[in-house]
Enquirer: 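Structure incoming, see below.
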Protein chains: 2
Amino acid sequence: MARRQSRPSIREVAKEAGVSVTTVSHALNGKGRLDTVTRERVIEVANRMGYHPNRNARGLRSGRTDTIALLLPLAPGRRRQPIEIDFYLELLTASVDAAFQHDQALVQLPPLESAGDLHRFALDGGIVVDPVRDDPRVAMFHDLELPLVTVGNHDARPHERWTVIADSAGTTRTMCDHMAAKGAQRIGMLTVDIDWSWFTDGIAAYQGWCADHGQEPILSLARRDKQETSMRDAVARLLDRPDPPDAVFVPPQWLASGLLTVAGERGITVPGDMIIGVGVDSGLARGTQPPLTAVDLNAPVMAQQAVDLLMKQIAGEPAAPRFRVVPTTLLPRESTSRVGVRPRGPGLTGRS
Amino acid sequence: MARRQSRPSIREVAKEAGVSVTTVSHALNGKGRLDTVTRERVIEVANRMGYHPNRNARGLRSGRTDTIALLLPLAPGRRRQPIEIDFYLELLTASVDAAFQHDQALVQLPPLESAGDLHRFALDGGIVVDPVRDDPRVAMFHDLELPLVTVGNHDARPHERWTVIADSAGTTRTMCDHMAAKGAQRIGMLTVDIDWSWFTDGIAAYQGWCADHGQEPILSLARRDKQETSMRDAVARLLDRPDPPDAVFVPPQWLASGLLTVAGERGITVPGDMIIGVGVDSGLARGTQPPLTAVDLNAPVMAQQAVDLLMKQIAGEPAAPRFRVVPTTLLPRESTSRVGVRPRGPGLTGRS
DNA sequence: TTGAAAGCGCTAACAG
DNA sequence: CTGTTAGCGCTTTCAA
């Protein structure tokens, strides 16, 4: 019955190579002072036998587990479901890769009820994605004195934390510049009232950009509940103005698709009457009609940075800086191709 | 530097409770013949001290790792990226929960280069999602004699495998019935040429349904490369017929959004001129204009079944049946609200 | 009903 | 330069 193929132990390798287990251990870990010839022979034998050190034994000895956790944010409302944004899946994948490079296993954690749950997993550390103020996940790591890196942050003094964030301010300025270059006269922002740096920094940068360019800010905030009515209220506040914007940057994805829908209902064409950019790229952004100009958050880089920081922290090594800002990439698509030129109907989008 | 709070060992619990480590072990695992009073006292002490057995020590002793892996399918083309379908993220989350119930950690694996990579993770078993013919992931598990459960299958003799699949045949019939009830006269199917049971069973069921209802099958297969041209070719074969369908069931998500786009370009309204249903629910399906009728694959149930099967296999217990078919749920939306009634423009979609 | 002790595979302190 | 050995925390014989 599916008994796992018994893997060779360090003792068998030692016997096969005609040396002691110590020598094998040293050879494989590059530790002691060994004759080069011996070392290479041992390594060769170990490879030939398909030897891999037993993680449990190694962990028992070292007190480490070589396991780290990634905690994705949960969707508000639906209790156990993570937010379905492609970025998170990308971040997960990239984190797995990065962890693997450090020979760490990466586990997903279920929604944690208590610090006890965290203990059961025997982690060396964790990465908490998009923490909110007083995030219980963060508190648990602190209580257990477990190494922690956050991706995204909500903190007034972020530089004291081990944190990786996307460059929200730079993204916002780039998007505004892009829209202005496409002919936008009045650029608005439709975003949400959540204290993640991704949103707050974006708002601040937007206001700064407006000040620099002599434009009055046109800002509309949706409630954070992700409800359709919140979206519609916020969109209405934007479009019902006497002087509605002809360009809108919408950081959260759900508001961007909502804006597109409402615009369609009102007969406002995109990009003819209004151009739109969204803050996170996704299949959804690519698949709308028209496809939405979006921001690539560079999940692989963020994951790499987060895992690297975590490994440093676990090892007790210094890391300077502990606070990393990852640049983003603008992906121009049809939704910002040019404002003020009504597209000639659906035929425009044909690429055959 | 972030030393992990040292957790109490079984010895400290024993000392605190005034018994031997053996007694503690027996009490906690319900093993030996212990006085009830002693057992309860030990348990109480252990709880009070926040004791959790060290996974490494236990694993070293038992030869198990209490770790299972989930392997999601990779997107064709983009090398290391999983397919961005909400279903997979749901499946992942639900699997984590189910694993947790069995006190197993669930790790994500990076794309595996060789069986050696698999060995490095010290797994008790794994779940391979949507295996293809001669899937190397499956082969690696077999080579290592590691317990394996597949979610989805491609096999002619699936009942010999440990497998969980969604009820593709039932889904197809339900969708066709639904469309017929909404006034569809000629139901077509737009799908893809991949040998996953999800697709092959769906095609067979569709042809069966057509035979039962005296309708000629209208089937168009896209190439599997997920390219825009593949989509356009397949859609054209459907719409350019002298007798195009007035309803289309589209199992793969990327083809459904493609069909919607092309229909828009051609001035075909949905659901007025044609109704459309997609085989997998997602944010994309909910967010299109109009929202797409879709199928909920019940990821939580599939995950639970898969993990349960895997645990049985690992424990060497029998499981009957080894082959589980999970029912799906149709989610009717506007895209199939009624065919043959041209909607009166965008206003129809307003729900304010 | 309880306890002493061996041993899982590995690393590292110490001895040679 | 290489080997012997203790011991990480746990489960499980075996003995009392």
Side-chain angles (χ1 to χ4, degrees), chain A residues 3-43 45-46 49-67 103 119-124 315, chain B residues 3-43 45-46 49-67 103 119-124 315:
Chain A
R3 214 178 56 261
R4 274 161 300 302
Q5 213 172 47
S6 78
R7 298 159 43 181
S9 78
I10 195 173
R11 233 192 315 252
E12 304 174 57
V13 175
K15 186 176 295 176
E16 180 77 14
V19 295
S20 75
V21 292
T22 310
T23 304
V24 176
S25 178
H26 282 173
L28 263 31
N29 297 317
K31 281 295 173 62
R33 282 167 299 281
L34 286 190
D35 187 278
T36 315
V37 180
T38 313
R39 166 162 288 151
E40 285 174 356
R41 185 164 48 83
V42 169
I43 291 176
V45 169
M49 299 178 72
Y51 171 80
H52 289 280
N54 179 306
R55 286 181 99 92
N56 280 324
R58 178 183 280 199
L60 183 56
R61 184 63 239 245
S62 66
R64 293 194 28 190
T65 62
D66 292 333
T67 301
D103 206 22
H119 248 164
R120 287 176 51 190
F121 279 104
L123 303 172
D124 284 346
Chain B
R3 210 177 61 261
R4 274 160 302 300
Q5 213 173 45
S6 77
R7 298 160 42 181
S9 79
I10 196 172
R11 219 170 353 229
E12 303 175 59
V13 176
K15 186 175 296 177
E16 180 76 13
V19 294
S20 74
V21 292
T22 310
T23 304
V24 176
S25 177
H26 282 171
L28 263 32
N29 298 316
K31 282 295 173 63
R33 281 168 299 281
L34 286 189
D35 187 278
T36 314
V37 179
T38 313
R39 167 162 287 149
E40 284 175 357
R41 184 164 49 84
V42 169
I43 291 176
V45 170
M49 298 177 76
Y51 170 79
H52 289 280
N54 179 308
R55 287 181 98 90
N56 280 324
R58 176 181 281 194
L60 182 56
R61 186 57 237 247
S62 67
R64 297 204 14 200
T65 61
D66 292 334
T67 301
D103 205 24
H119 249 164
R120 287 176 52 191
F121 278 103
L123 303 172
D124 284 346

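Just so we're on the same page: letters track the sequence lines, and every chain starts at 1.
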Enquirer: Take the protein atom CZ of B:Arg64 and the nucleotide atom C1' of D:dC10, then report the distance between them rounded to whole Å.
Expert: 15 Å
Enquirer: Judged by modelled atom types alone, do B:Thr22 and B:Ser25 share a side-chain donor-acceptor pair under 3.5 Å?
Expert: no
Enquirer: Look at the side-chain N and O atoms of B:Ser9 and state whether any lies under 4.0 Å from the OP1 or OP2 oxygen of D:dG9.
Expert: no
Enquirer: Please tell me which of the listed nucleotides, D:dG3, D:dC10, D:dT12, lies nearest to the side chain of B:His26?
Expert: D:dT12
Enquirer: Ignoring hydrogens, what is the shortest heavy-atom contact between A:His119 and B:His52? Give both atom names and the distance.
Expert: CB-CD2, 3.7 Å
Enquirer: Which pair of heavy atoms, one from B:Ala27 and one from B:Val42, lies closest together, and at what distance?
Expert: CB-CG1, 3.7 Å
Enquirer: Report the end-to-end axis angle of the helix from C:dT1-D:dA16 to C:dG16-D:dC1; each axis comes from five terminal pairs, and the value is rounded to 10°.
Expert: 50°
Enquirer: Below 4.5 Å, heavy atoms only, C-beta onward: do B:Thr67 and B:Asp124 meet side chain to side chain?
Expert: no
Enquirer: Would you say B:Asp35 and B:Arg41 make side-chain contact, with heavy atoms under 4.5 Å?
Expert: no
Enquirer: Verify, without hydrogens or angle tests, whether A:Asn54 (side chain) and B:Ala122 (backbone) share a donor-acceptor contact under 3.5 angstrom.
Expert: no
Enquirer: Enumerate all atom pairs, one protein N or O and one N or O from nucleotides 5-8 of chain D, separated by less than 3.5 Å.
Expert:
{"residue": "D:dG7", "atom": "N2", "partner": "A:Arg61", "partner atom": "NH1", "Å": "3.4"}

Enquirer: Closest-nucleotide mapping onto DNA chain C: is B:Thr23 or A:His52 further toward the 5' terminus? I mean the 5' end.
Expert: B:Thr23
Enquirer: So where does chain A start and stop touching DNA chain C, 5' to 3', when the test is distance under 4.0 Å to a non-hydrogen atom?
Expert: C:dC8 to C:dA13
Enquirer: Taking side chain as C-beta onward, heavy atoms only, is B:Arg58 less than 4.5 Å from B:Asn29?
Expert: yes
Enquirer: Heavy-atom distance under 4.5 Å between the side chains of B:Thr65 and A:Arg55, does that happen here?
Expert: no
Enquirer: Looking only at non-hydrogen atoms, find the nearest pair between B:Arg7 and B:Glu12 and report the distance.
Expert: O-OE2, 4.1 Å
Enquirer: Check the surroundings of atom CZ in A:Arg120: do more than 12 heavy atoms from other residues, nucleotides or ligands lie under 6.0 Å from it?
Expert: yes
Enquirer: For B:Asn29, report the nucleic acid contact type (base, sugar-phosphate, nothing); a contact means any heavy atom under 4.0 Å.
Expert: sugar-phosphate
Enquirer: Which part of the nucleic acid does B:Ser25 contact within heavy-atom distance under 4.0 Å: base, sugar-phosphate only, or nothing?
Expert: base
Enquirer: Heavy atoms only: give me the nearest A:Tyr51-A:Ile10 pair and the separation to one decimal.
Expert: CE1-N, 3.6 Å
